[in-house]
Protein chains: 2
Amino acid sequence: MQLSNTSQYAIRMLAYMADKKDSPLINATELAKVLQIPYKFLTKIMTELVKADLVVSMRGREGGYSLSKKASDIKVDDILNIFHDSIQEEQCVLGIGFCNGMCKCALHDQWMEPKLLLQKMFRESSLEDIAGKGCKI
Amino acid sequence: MQLSNTSQYAIRMLAYMADKKDSPLINATELAKVLQIPYKFLTKIMTELVKADLVVSMRGREGGYSLSKKASDIKVDDILNIFHDSIQEEQCVLGIGFCNGMCKCALHDQWMEPKLLLQKMFRESSLEDIAGKGCKI
DNA sequence: ATTAATTACTACTTTAAGGTAGTATTAATC
DNA sequence: GATTAATACTACCTTAAAGTAGTAATTAAT
Ligand code: SF4
Ligand code: SF4
């Protein structure tokens, strides 16, 4: 019951960038150092974020990354979707096929409420909402 | 954000056994067939449940498995604990170290409520509560 | 006693996530 | 133009979960 490492890293990377909205570009070396994420793995993830159009990159000397849109327009769920970590409507906590609404599984009734709250949290939290909140980054 | 296959299987296995409380012993072949779980993997998991004292086994011909206690005395969380899948108090949705209550991470405030509901669901749901509920097993 | 049916044990294979290494490409600075 | 510092690409390695295979141990029925 936890997000994948990749998703966790991506959220933290983007949240940090949102927090540093003054600096036009942020480079991978700084991110890896501050967030304690393996440099090579970070750049791999970042390239996916660029392809998914959440981030724009500038190559070459003095290059780096920046958010492609306003922090308030990037939701946590947008990030999870890239890595197939978003909670789907029919997702069963016991993983027995899909939910058809008629044929429930054993934990269905208790699962609905936290599932909705998680979906809400991911869909409604934007980078702006979480940037700079708390001391853990 | 899903339980491991192993935990999902274990919950379904035990829930099925709880539902079949008439039959004194249930064997692995039947379980694997009904629950559509690979036989060899199922017996591997079951052996762990035996070692954890949730299940007692009878070897030899006419042998099988049965719950070691009343279905109402086995909570879903007891099962998750065996496979280290239970949600810990300090578990961070962003996986940044442990929570000290003072130094929050970015999603802390939104994570508290669904986390509590999940813990509640796992701790308060017993096998009796979920056995035979719904048609998905 | 032998056989058949069952769980337990040991060891291996497969798969996917996580992580690493090396090189190519790009662009500002000198 | 050469150098340097950055991202992008390709390919590989590592680790843990998931799954498989074969054999040993146990017990009831015959
Ligand atoms: S029964 Fe409930 S938990 Fe199972 S798939 Fe349907 S919605 Fe999900
Ligand atoms: S800050 Fe919140 S989410 Fe992060 S570790 Fe502490 S309790 Fe968990």
Side-chain angles (χ1 to χ4, degrees), chain A residues 1-14 17 23-68 79-80 82-85 94-96, chain B residues 1-14 17 23-68 79-80 82-85 94-96:
Chain A
M1 294 303 277
Q2 214 171 359
L3 293 175
S4 67
N5 268 4
T6 302
S7 289
Q8 291 180 359
Y9 287 161
I11 293 168
R12 292 172 54 214
M13 285 154 55
L14 294 174
M17 289 170 68
S23 353
L25 287 177
I26 301 174
N27 67 52
T29 308
E30 173 184 349
L31 278 168
K33 197 170 179 180
V34 177
L35 302 179
Q36 295 272 80
I37 299 172
Y39 173 83
K40 281 288 195 179
F41 195 35
L42 184 146
T43 59
K44 190 184 203 173
I45 293 169
M46 198 61 104
T47 300
E48 293 195 67
L49 295 176
V50 170
K51 284 182 179 158
D53 274 327
L54 292 192
V55 169
V56 289
S57 64
M58 272 293 298
R59 288 161 75 141
R61 189 166 176 163
E62 306 286 297
Y65 302 101
S66 67
L67 298 182
S68 70
I79 305 167
L80 300 188
I82 298 171
F83 306 105
H84 309 107
D85 243 346
L94 292 187
I96 319 174
Chain B
M1 294 301 276
Q2 213 172 1
L3 293 176
S4 67
N5 268 4
T6 302
S7 289
Q8 291 180 359
Y9 287 163
I11 294 169
R12 292 172 55 213
M13 284 154 55
L14 294 173
M17 288 170 68
S23 353
L25 288 176
I26 300 174
N27 66 53
T29 309
E30 173 185 348
L31 279 169
K33 196 170 178 180
V34 176
L35 301 179
Q36 295 273 79
I37 299 172
Y39 173 82
K40 282 288 196 179
F41 195 36
L42 184 145
T43 59
K44 191 185 206 174
I45 293 169
M46 197 61 105
T47 299
E48 293 195 68
L49 295 176
V50 170
K51 283 180 178 158
D53 274 329
L54 292 192
V55 169
V56 288
S57 64
M58 271 293 300
R59 288 162 74 142
R61 188 163 176 167
E62 305 288 296
Y65 301 100
S66 67
L67 298 182
S68 69
I79 306 167
L80 299 188
I82 298 171
F83 305 106
H84 309 107
D85 243 345
L94 292 186
I96 320 173

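Nothing here was measured: the structure is a model prediction, and the numbers come from that model. In what follows, chains are A, B, ... by sequence order, proteins preceding strands, each numbered from 1.
Going from atom OG1 of B/Thr47 over to atom CG of B/Leu42 covers 9.5 Å, rounded to the nearest 0.5 Å. Note that CE of A/Met46 is 6.0 Å distant from OH of A/Tyr65, once rounded to the nearest 0.5 Å. A distance of 6.5 Å separates CG in A/Leu54 from CG in A/Leu14, rounded to the nearest 0.5 Å.
The separation between A/Ile45 atom CD1 and C/dT20 atom P is 11 Å, rounded to whole Å. B/His84 has its NE2 atom 14 Å from the P atom of D/dA18, to the nearest Å. Going from atom CD of B/Gln8 over to atom P of D/dA17 covers 15 Å, rounded to whole Å. Between A/Leu49 atom CG and D/dA8 atom P there is a gap of 11 Å when expressed in whole angstrom units. Put simply, CG on B/Asn5 is 14 Å from C1' on C/dA17, counting in whole angstrom units. At whole-Å resolution of the value, CG in B/Asp85 and C1' in D/dA18 are 14 Å apart. Between A/Glu48 atom CD and D/dT7 atom C1' the separation is 15 Å, expressed in whole Å. At whole-Å resolution of the value, CG in A/Leu31 and C1' in D/dA5 are 16 Å apart.
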Contacts table for residues 24-36 of chain A: side-chain donor-acceptor under 3.5 angstrom, sequence neighbours left out:
{"unit_1": "A/Asn27", "atom_1": "OD1", "unit_2": "A/Thr29", "atom_2": "N", "d": "3.1"}
{"unit_1": "A/Asn27", "atom_1": "OD1", "unit_2": "A/Glu30", "atom_2": "N", "d": "2.9"}
{"unit_1": "A/Glu30", "atom_1": "OE2", "unit_2": "A/Tyr16", "atom_2": "OH", "d": "2.8"}
{"unit_1": "A/Glu30", "atom_1": "OE2", "unit_2": "A/Lys20", "atom_2": "NZ", "d": "3.4"}

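Residues B/Met1 and A/Asp85 approach most closely at N-OD1, 4.4 Å, considering heavy atoms. The two residues A/Val56 and A/Leu67 have their closest heavy-atom pair at CG2-O, 4.3 Å.
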Under 3.5 Å between N/O atoms: give me all the protein pairs with nucleotides 6-8 of chain C, atom names plus distance.
{"unit_1": "C/dT6", "atom_1": "O2", "unit_2": "B/Gly60", "atom_2": "N", "d": "3.3"}
{"unit_1": "C/dT7", "atom_1": "OP1", "unit_2": "B/Ala28", "atom_2": "N", "d": "2.9"}
{"unit_1": "C/dT7", "atom_1": "O3'", "unit_2": "B/Ser57", "atom_2": "OG", "d": "3.4"}
{"unit_1": "C/dA8", "atom_1": "OP1", "unit_2": "B/Ser57", "atom_2": "OG", "d": "2.7"}
{"unit_1": "C/dA8", "atom_1": "OP2", "unit_2": "B/Thr47", "atom_2": "OG1", "d": "3.4"}
{"unit_1": "C/dA8", "atom_1": "OP2", "unit_2": "B/Tyr65", "atom_2": "OH", "d": "3.3"}
{"unit_1": "C/dA8", "atom_1": "O4'", "unit_2": "B/Arg59", "atom_2": "NH1", "d": "3.3"}

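You'll find a donor-acceptor pair under 3.5 Å spanning the side chain of A/Lys44 and the base of C/dG19, going by distance alone.
At a threshold of 4.0 angstrom between heavy atoms, the contacts of A/Tyr9 are confined to the sugar-phosphate backbone, with no base atom among them.
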